[in-house]
Amino acid sequence: MQDVVFALAQIDTCVGDLDGNAAKVLDDCRQAAAHGAHVVVCPEMTLTGYPIEDLAFRATFRKAARRTADDLAARLKDEGLGGLFVVVGTVGATHGEQLPQNRLVVLHEGVVWAGYDKHFLPNYGVFDEFRIFAPGERSLVLDVRGRKIGVAICEDIWQEGGPVADLAGRGIDVLLTINGSPYEEGKTGTRQELCQRRAQQVNAPVIYLNQVGGQDDLVFDGASFVIAPDGTILERSAQFTPALDYWTLPTRSHDAAALAASRSTLAPTMERDEEVYRACVLGLSDYMAKNHFTSVTLGLSGGIDSALVATMAADACGGHNVYGISMPSMYSSDGSKDDAADLAHNLGAHYDIQPIEPLFTAFQQQLHLEGVAAENLQARIRGVIVMAYSNSKGALALATGNKSELACGYSTIYGDAVGGYAPIKDLLKTRVWELARWRNRYAEEHGQLPPIPVNSIIKPPSAELRPGQKDSDSLPEYDLLDKVLAAYIEKAHGRSDLLADGFDERTVDTVMRLVDRAEWKRRQYPLGPKVTALAFGRDRRLPITSAFRE
């Protein structure tokens, strides 16, 4: 038996970019070979990107993916890298009327040397694999330098039985699992606890290699790791960034002392506020890159939501690529206008002022609107201006609504809801404040100017669509509202549950009514990064019209 050096290639893939994804694998293999690695491990569905959704049904795509795997294997051999065992994910072929497979292949000596199909196909939350893939039936053990490497794909380790149970009786030296596991707050510890149980089950360390990057409304955080049966973290890769790290399986891999001595790179962990913030930034930056945007535009009201979104945008693409627009009305306070200007200055963003009162007056001369209709007209005028900037500058328009507003319908459809991406749509309002305070604190700790004006954080939130307006005129105070929303949405508590939770009847009825009536608006809202266990759109899919109130 010999040591085996694993290269953990935490790659940011793009769905459908077969050549681009293969090029990233090849580049990491070159570096890994120079480092003396024997096995290069890449994420779930590396070559195709993940999730491929209905691309799985396209025969031309499946054939192209198979050709890409063959070509990559040949290219590796041509470059003198054929001795590597390169583990990559891809889509499998179909047989007759059977669905394709979520497949792991091993490239070695110029060919696809081995293959394994995912057994358990998740069909909950963001996952839709049971509909598009056929399950695998056999486990696989690789023999590399006399060592037994058992393999699995993502959900295979989350479910009892199946390939892991089979591998537990085969005396493997390490369990290798490739993953496309989306980020959500608090998930890092859950993964490690799970993998420790699996390590104990197979009596061997577990390599957990995860995808990184944003894909539409999903964010993959990377955070790959190796864990011993006793819970010792033997390797930990960075979160939210591509990485190529190494870990050596020692000769005495079933000895706790030998495993402890094999500890390798241990990237620092992040506190929860930073995790969530980095997830939102990565989701935005990758959405821009994969849709070929280099700049963004948004309205800057001086409030906390647009301030946080603009700051995230500056972190994603640079302040010089952010086009902020102040669109004051007759109701906008001097303080709000000053806060918007200060924010743009702090970020190094472009800043234009486009007063909307002349446009509002022109509309009113014809429409003569009152009440909410007049308020919404202001928001829609602003939406038109934002989209005009987007069209003229080729910039991605950002919507600045938060999860609390989306939940309650406290946004104007075709107004402040316009945009191509919504970076904070899965953040409750109280979470927005927390992340804003964290971002300013982070800047101070690193000797930088805090980007978000303090007044934007501490002043009572207001849409400023009428004199003296505050959000609390229409909604419960956010501290209370967000607690009810968290229970109603993320915990799926019904009315009787919410009353048992201790919330008063009036608040419960108000919140439930607002949330249920706003589903039609949410269906038209732009996508944004999922960072909680249950996000609108991907996870929470209820009928637009429902009379159920229990």
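Residue numbers run from 1 in the order of the sequence given. Given the structure is predicted, the values throughout are model-derived calculations rather than measurements.
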Exactly one of Trp247, Tyr246, Phe6 clears ring-ring contact (aromatic ring centres under 6.0 Å, His included) with His35, and that residue is Tyr246
Contacts of Tyr323 that satisfy ring pair (Phe, Tyr, Trp, His ring centres under 6.0 Å) - sequence neighbours left out:
His350
I need the minimum non-hydrogen distance between Phe120 and Gly161, along with the two atoms involved.
CE1-O, 4.1 Å
Quick one: list whatever passes side-chain hydrogen bond (donor to acceptor under 3.5 Å, both in side chains) with Gln192, sequence neighbours left out.
none
Reported CG-to-OG distance for the pair Asn210 and Ser181, which is rounded to 0.5 angstrom:
5.0 Å
Do Thr532 and Leu428 make a side-chain contact, defined as non-hydrogen atoms from C-beta onward lying under 4.5 Å apart?
no
Between the main-chain N or O of Ala533 and the side-chain N or O of Glu185, is there a donor-acceptor pair closer than 3.5 Å?
no
Sidechain-backbone polar pair: Asp28 side chain, Ala9 backbone, donor-acceptor under 3.5 Å
no
Lys/Arg-Asp/Glu bridge criterion (N-O < 4.0 Å) met for Lys425, Asp217
no
My understanding is that only residues two or more places apart in sequence, or in another chain, count here; which of them pass ring pair (Phe, Tyr, Trp, His ring centres under 6.0 Å) with Tyr442?
Trp438, His446
Determine whether a donor-acceptor pair (N or O, by modelled atom type, separation under 3.5 Å) exists between the side chain of Asn203 and the backbone of Gln201.
no
Whether the side chain of Asp173 engages the backbone of Lys148 through a donor-acceptor N/O pair (distance < 3.5 Å, no angle test) should be reported.
yes
Any donor-acceptor pair under 3.5 Å from Asn21 side chain to Cys14 backbone:
yes
Can you name the closest pair of heavy atoms from Ser295 and Lys393 and give their distance?
OG-O, 4.2 Å
Could you name each residue pair satisfying ring-ring contact (aromatic ring centres under 6.0 Å, His included) that touches residues 179-223, not counting sequence neighbours?
Tyr183-Phe240, Tyr208-Phe225
Taking all non-hydrogen atoms of both residues into account, name the closest pair between Pro100 and Gly92 and its distance.
CB-O, 3.3 Å
Closer than 3.5 angstrom, by distance alone: can the side chain of Gln101 be matched with the main-chain N or O of Ala93 as a donor-acceptor pair?
yes
Taking it one step at a time, do Leu396 and Leu284 satisfy side chain to side chain contact (heavy atoms under 4.5 Å, CB included)?
CA-CA 10 Å; Leu396 176 65; Leu284 171 58; 4.2 Å; yes
Partners meeting side-chain hydrogen bond (donor to acceptor under 3.5 Å, both in side chains) with Tyr116 (sequence neighbours left out):
Asp156
State whether the number of non-hydrogen atoms from other residues, nucleotides or ligands found under 6.0 Å of Lys187 atom NZ is greater than 12.
yes
Donor-acceptor pair, Arg62 side chain versus Phe57 backbone, under 3.5 Å?
yes
Would you tabulate the side-chain donor-acceptor contacts of residues 37-56 under 3.5 Å, counting partners in other chains and residues two or more places apart, or write 'none'?
| from | atom 1 | to | atom 2 | distance (Å) |
| --- | --- | --- | --- | --- |
| His38 | ND1 | Val5 | N | 2.9 |
| His38 | NE2 | Arg145 | NH1 | 3.3 |
| Glu44 | OE1 | Gly180 | N | 2.7 |
| Glu44 | OE2 | Asn102 | ND2 | 2.7 |
| Glu44 | OE2 | Lys118 | NZ | 2.8 |
| Thr46 | OG1 | Pro43 | O | 2.3 |
| Thr46 | OG1 | Gly89 | N | 3.1 |
| Thr48 | OG1 | Met45 | O | 3.3 |
| Tyr50 | OH | Glu129 | OE2 | 2.4 |
| Glu53 | OE2 | Arg538 | NH1 | 3.4 |
| Glu53 | OE2 | Arg538 | NH2 | 3.4 |
| Asp54 | OD1 | Arg131 | NH1 | 3.1 |
| Asp54 | OD1 | Arg131 | NH2 | 2.7 |

I need the Leu175 CG to Ile227 CD1 distance, nearest 0.5 Å.
12.0 Å
pair Pro529-Val281: side-chain heavy atoms closer than 4.5 Å
no
What pairs with Glu445 under side-chain hydrogen bond (donor to acceptor under 3.5 Å, both in side chains), at least two apart in sequence or on another chain?
none
On the 0 to 90° scale, with breaks at 30° and 60°, tag the Trp113-Phe85 ring pair as parallel, tilted or perpendicular.
perpendicular
Taking C-beta and beyond as the side chain, do Val91 and Arg103 meet within less than 4.5 Å on heavy atoms?
no
Under 3.5 Å, side chain of Asn346 to main-chain N/O of Pro451, donor-acceptor pair present?
yes
Carboxylate-amine/guanidinium proximity below 4.0 Å for Asp315 and Arg439:
yes
All N/O donor-acceptor pairs, side-chain side in residues 63-75, below 3.5 Å, sequence neighbours left out:
| from | atom 1 | to | atom 2 | distance (Å) |
| --- | --- | --- | --- | --- |
| Thr68 | OG1 | Ala64 | O | 2.8 |
| Arg75 | NE | Glu79 | OE2 | 3.0 |
| Arg75 | NH2 | Glu79 | OE2 | 3.3 |

Spatial distance of atom OG (Ser306) from atom CG (Leu298) [nearest 0.5 Å]:
6.5 Å
What's the spacing between Ile207 CD1 and Leu249 CG if we round to 0.5 Å?
7.0 Å
Hey, what do you get for CG (Asn179) to CD1 (Ile157), rounding to the nearest 0.5 Å?
5.5 Å
Within the 4.5 Å heavy-atom criterion, are Arg30 and Leu81 side-chain neighbours or not?
yes
Does any N or O in the side chain of Asn321 come within less than 3.5 Å of the main-chain N or O of Cys317, such that one atom is a donor and the other an acceptor?
yes
Only counting residues at least two apart or in another chain, list the ones meeting side-chain hydrogen bond (donor to acceptor under 3.5 Å, both in side chains) with Asp216.
none
Let me see the working for Val206 and Thr177 under side chain to side chain contact (heavy atoms under 4.5 Å, CB included), right down to the final yes or no.
CA-CA 7 Å; Val206 171; Thr177 174; 4.2 Å; yes
Pairs touching residues 5-16 that satisfy salt bridge (Lys or Arg N to Asp or Glu O under 4.0 Å), sequence neighbours left out
Asp12-Lys290
Short question: side chain of Lys24, backbone of Asp19 - any donor-acceptor pair under 3.5 Å?
no
Between Arg198 and Val164 the two heavy atoms that sit nearest each other are CD-CG1, 3.8 Å
On a heavy-atom basis, which atom in Ser224 and which in Gln10 lie closest, and how many Å separate them?
OG-OE1, 2.8 Å
Electrostatic pair Arg431:Glu434 at N-O distance under 4.0 angstrom
yes
The complete set of salt bridge (Lys or Arg N to Asp or Glu O under 4.0 Å) pairs with one or both residues in residues 219-241, sequence neighbours excluded, reads Arg191-Asp221
Please list, chain by chain and in numerical order, all residues satisfying ring pair (Phe, Tyr, Trp, His ring centres under 6.0 Å) with His320, sequence neighbours excluded.
none
Is it true that Lys530 and Asp426 make a salt bridge, defined as a side-chain N closer than 4.0 Å to a carboxylate O?
no
Please check if atom NE2 in His345 has more than 12 non-hydrogen atoms from other residues, nucleotides or ligands closer than 6.0 Å.
no
When rounded to the nearest 0.5 Å, the distance separating CG of Leu107 from SG of Cys29 is 8.0 Å
Shortest non-hydrogen pair, Asp273 vs Arg441, comes out as OD2-NH2, 4.3 Å
